[in-house]
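Just below is one structure, and these are the notes that go with it.
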Amino acid sequence: MYLPYLKTKIQKIFSIRLVKTGTLLAMAFTISNFSSAQSTSPIHDGIFSDAQAARGAEAYSANCASCHSVDLRGNSNSPSLLGLSFMFIWEGKSLGDLYTKMSTEMPTDRPGILTQKVYADILAFILKSNEFATGDNDLTSDTSFLDEIPITSQ
Amino acid sequence: MTNDHRFASILKLLVAASSAVAVSSTLAQILDYETVTDELLQSPPSGDWLSWRGQPNSWGYSELDQINTGNVNELQLVWSWAMDDTGAGQTAPLIHNGVMFLPGPRGVIQALDASSGDLIWEYRPGITPIVEGSGAVAIGSVQLGSAAMPATAYAGVGRGVQKNIAIYGDMIYAATENASIVGIDARTGRLAWESATADPALGYFYTAGPIVANGVLVTGITGCERYKNDVCFITGHNPNTGEELWRTDTVARPGSPGGDSWGDLPLQFRAGSDSWVAGSYDPQTNLVFMGTSQAKPWASAVRGTDGEALYTNSTLALNPQTGEMKWYYQHLPAETHDMDEVFETILIDVGGRPSLFKMGKLGILWQLDRSTGEIIKATDIGYQTIVNINPTSGQVNYRDGMMPRIGQQIDMCPSTSGFKSWRAMSYSPQTSALYIPIALNCELATFGPTEQVLGGGGTGPVRRINYPHPASDDNLGEILVLDVPSGEVKWRYRSRAPINSATLTTAGGLMFAGDWNRNMFAFNAENGDILWQTRVTTSAQGFPISYEVDGRQYVALPAGVGGASWSGMLPRDLAPELKTPRNGNSMNVFALPQN
C-alpha cells in the first residue's frame, strides 16, 4: 500500500539532498535497492545516518535518559526503548506514530520542547540502538513520510 | 550505642559546624533549634510535624483545631514558596519549633521560617559545604556526575523524586537519587555524612527517605527492576555516623527461607520488591512496618515463574535494631498485573487490638494484627475486576480469564496506574474513618516479553489503552471515606481530575486534599461538604500538613508536577480538556486572618 507513495517521497526527499551533494550515483543505488526490497519495510534500508544517530544520542542523553535510562531500558514509569520490549510496543505501528508520540508527549515535563530536527535525531538514535541499518542520509521529521514506514523486525 | 554517646558524637559535629560558622560569615543557621528525642518523635507537640505523616502511626492527622469547620472559609494565603522545577514535586515537609524542613526534587532540602516563609538555609547536593571535621565525603559535581545537573542523564533516576525526610537529634536525614543516605546538620544545612548503599549505575535509587525507629534510620530502596546479581533491600543506619547496621533483603534468595517461591529462577532474575514508600514505626511492638512492591517484570508469564515471589507485595515487620523480619504478610502472592501494595501503613488500635491498615492499587483495604501479621479483615472497595478476595482469610484468587498471557489483551480495572498510589490516605480519630485519594481508571492491557539477560528485565512492556471506569461517570478522581473498622463507605467525593495529593485530617473536623486541576479543598470530614477551596500554581501534589507557630495554626498544601501516571498519562488520555502548567512545584501556606 505504502510503497509507490513512499518511493515517490523518497525520490523527492533524497533528490533534494543528493543533488545538493552531487552524489547522484548514491541516489540511484538507494532507490534501486529500495525498489527490489518489496517484502520488507524501508525501515531496514538505511533511512538515517550514523551522524544523525550520534546527534540523537546527545539529545537523548540530555532530554530522555533521566527517565528512560542511559541504556534505553527504561524504569518503572518509563517503557524500555530497546529490543524485545520496544518492538512489542511498536511493531506494526509506523515511524510516524512513534515520532508523533515523541514530539507531542515527550519529555513528559515539557512536551514538544525540542525542535522537529532534534526529535528526528532522537528517533534515529533509537533506531540505531535497535540495530536498524544506517545509511547516508538523515531521517526527516516529515510525518507524511514517516507515517508510511512501518516498524517491522524484518 | 547509647543515647548519651550518640548525642555526644553529634555534639562533636556541631562543634565542627560552629567552627565553620567562624570562617563563613554568610552561613545562616537555626539559632533556637531544639534536639529531637525519641520521646518527642513519639509524642510530638501538636504544633510540630516530626514524621512524614505527622506521627509514627502515620495517621496524617493534626491535633490542631484553631482552623475548624466554623471558620475554615476564612483561610488566606500567608506565604508561598516556589520550589525547584528540576524534577517531580512530591514533597512531605516536616515542622519543628517554627521551622519547615522542605524536601525538593534532586535532593534539595530547604529550611524555612514556617510563619513567614523566609529561607534560613538550603542544602544542595554537591554544592553546600560539608561539616568540617565530620568525616563526610566531599561529593562535588565531579563525583555526582550528571546527577548534579538535573537536565542531563543519569541511569534510572526517574524524575529526581524526594518525598520524605526525617528529623532526629540535631540532624535531618534524607535518601538520595544516587542510592545513598545523608545526614545533614539541622541547624546549618551542612552535610555531616553520606553513606552509599548501592551502585546507582545498576539502577538503584531512592525516592522515599528514612524513618526513625528506636534510634535507627530505616530506609527502603527502589530501582530494582533490572536484572543484576543483587536484590532489593531495606537498611538500618546509625543516625550519628551513617554506618549501615543491617540490611534485609526484600527478595528471598535461592536456598534461603522462601527461596523456592521464585521457582528455579536464579538470583539475577529475581527483580522488584522495591520499597519506595516510607514505613511506620510502632513503639508498642518495637516493629517497623515497611511495604514492598510487586515483582518485576510485572506479569508472571514474563518473569518466568508463577511462584509467590517472596517478599514482593508484602508488609514486612522488622526489628529496627537488627533488621530481623518478625513476620511478613504477602497481600498478593504471585501478583501479575502491576498491582503494587507498597504504600503507607497506618497504625490504629481497633477494639484494643493493635492493627495496621493498608491499601494497594487494587483498592483492597487490609487490616492486619501488627503484633502477629495475622489478617483481620480485607475489604474490597468494589471497583476492581481482577481478583476474588475472601474478606476473612485474605485469600486472593484470580478471576477467570484474568491471568495475563504474553501478547494476549485483557480488560482490567484498575489500569496499571491503580486506584490507589503513593498519595497517602489519612485517618481521623474524630470520625474513625480513613480518607483515601483514589484515581478511577481501567485498561485494555497486553503484557509483552523482555530479554532475560543481565541489565535487562525491567517492568516488561505493556500495550496500553486507558479507558474510564464504568462506575465513574467519567470522573477520574475520588476521595473515598471508609469507616474503621467496618469498611463501610461514609461518603465519597468525585471529580473530573484525579485526586492528586495525600489527604490531611485535623482536629478541627476538617480534611484537606487537592486535585490535578490545581484545586485545593477543605472538606467537612464528617459529611464531605466543601467548606473552602482555592487554586494554586500547578496540580496539588505531595503531602499536606498542619502546624502551629506562636499560637497561629497553618495549613501547608504542596503543589507539584511529575507524579507519574496519575498526573500524566491518565488525565492526558481521559480528561484531555484539563490543562495544567508544565512547572510550578510550590509550597502554599494558609491561615486564618489575624486581627
Side-chain angles (χ1 to χ4, degrees), chain A residues 54-94 97-98 100-114 118 121-122 125-126 129-131 150-153, chain B residues 85-88 146-147 149-160 177 201 203 205 222-227 272 274 276 293-294 296-298 302 338 340 406-407 446-453 455-464 561-565 567-569 572 582-583:
Chain A
R55 289 197 307 274
E58 296 270 322
Y60 175 90
S61 176
N63 297 287
C64 318
S66 66
C67 294
H68 290 280
S69 300
V70 280
D71 64 1
L72 292 90
R73 288 188 185 273
N75 71 16
S76 280
N77 292 312
S78 309
S80 170
L81 305 173
L82 202 65
L84 268 181
S85 297
F86 172 73
M87 289 306 288
F88 180 77
I89 302 288
W90 289 102
E91 185 151 28
K93 296 180 179 170
S94 73
D97 292 333
L98 179 50
T100 301
K101 172 95 179 171
M102 292 165 59
S103 58
T104 60
E105 297 180 14
M106 298 293 136
T108 53
D109 58 335
R110 46 207 159 102
I113 198 80
L114 307 174
V118 172
D121 290 350
I122 294 170
F125 170 64
I126 293 170
S129 302
N130 282 283
E131 298 178 358
I151 301 171
T152 65
S153 52
Chain B
D85 269 321
T86 52
S146 51
M149 294 173 283
T152 59
Y154 197 80
V157 296
R159 294 286 320 283
E177 59 179 338
F205 61 108
T222 191
C224 308
E225 68 270 17
R226 300 292 195 87
Y227 291 142
D274 314 60
W276 59 278
S293 77
Q294 72 288 68
K296 311 287 187 333
W298 288 330
V302 183
D338 179 22
D340 208 333
I406 294 176
T446 312
F447 290 84
T450 61
E451 284 102 347
Q452 211 171 51
V453 295
T459 61
V462 185
R463 289 189 206 130
R464 172 172 184 168
V561 296
S565 57
S567 55
M569 183 195 297
R572 188 189 67 217
R582 293 170 183 179
N583 52 12

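Just so we're on the same page: letters track the sequence lines, and every chain starts at 1.
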message: Quick one: does any side-chain atom of A:Arg73 pair with a main-chain N or O of B:Gly458 as donor and acceptor, under 3.5 Å?
response: no
task: Answer with side chain, backbone, both or neither: which region of A:Ser76 has an atom nearer than 4.5 Å to a non-hydrogen atom of chain B?
output: both
- request: Could you tell me which of B:Ala564, B:Gly568, B:Gly562, B:Gly456 has the largest number of non-hydrogen atom pairs under 4.5 Å with chain A?
  value: B:Gly456
- request: Quick one: which of B:Gly272, B:Pro461, B:Pro449 has the most heavy-atom pairs under 4.5 Å with chain A, could you say?
  value: B:Pro461
statement: By side-chain hydrogen bond (donor to acceptor under 3.5 Å, both in side chains), A:Asn77 pairs with (sequence neighbours left out) none
All side-chain hydrogen bond (donor to acceptor under 3.5 Å, both in side chains) counterparts of B:Thr450, not counting sequence neighbours: none
statement: Contacts of B:Ser293 meeting side-chain hydrogen bond (donor to acceptor under 3.5 Å, both in side chains) (sequence neighbours excluded), chain-then-number -> B:Asp274, B:Lys296
task: Tabulate, in ascending numerical order, the residues of residues 87-94 of chain A having at least one heavy atom closer than 4.5 Å to a heavy atom of chain B, or enter 'none'.
output: A:Phe88, A:Ile89
query: Is chain A contacted by the side chain of B:Trp276, its backbone, both, or neither, given a heavy-atom distance below 4.5 Å?
result: neither
- prompt: Side chain, backbone, both or neither: which part of B:Val302 has an atom under 4.5 Å from a heavy atom of chain A?
  reply: neither
Pair A:Ser69-B:Arg226, side-chain donor/acceptor within less than 3.5 Å: yes
field: Portion of A:Pro111 that has a non-hydrogen atom of chain B nearer than 4.5 angstrom
entry: both
query: Which atoms of B:Glu451 come close to chain A, meaning under 4.5 Å heavy atom to heavy atom: side chain ones, backbone ones, both, or neither?
result: both
message: At a 4.5 Å cut-off on heavy atoms, which part of B:Thr446 comes close to chain A: side chain, backbone, both, or neither?
response: both
- request: Measure distances from B:Arg572 to the heavy atoms of chain A and classify the residue's part below 4.5 Å as side chain, backbone, both or neither.
  value: side chain
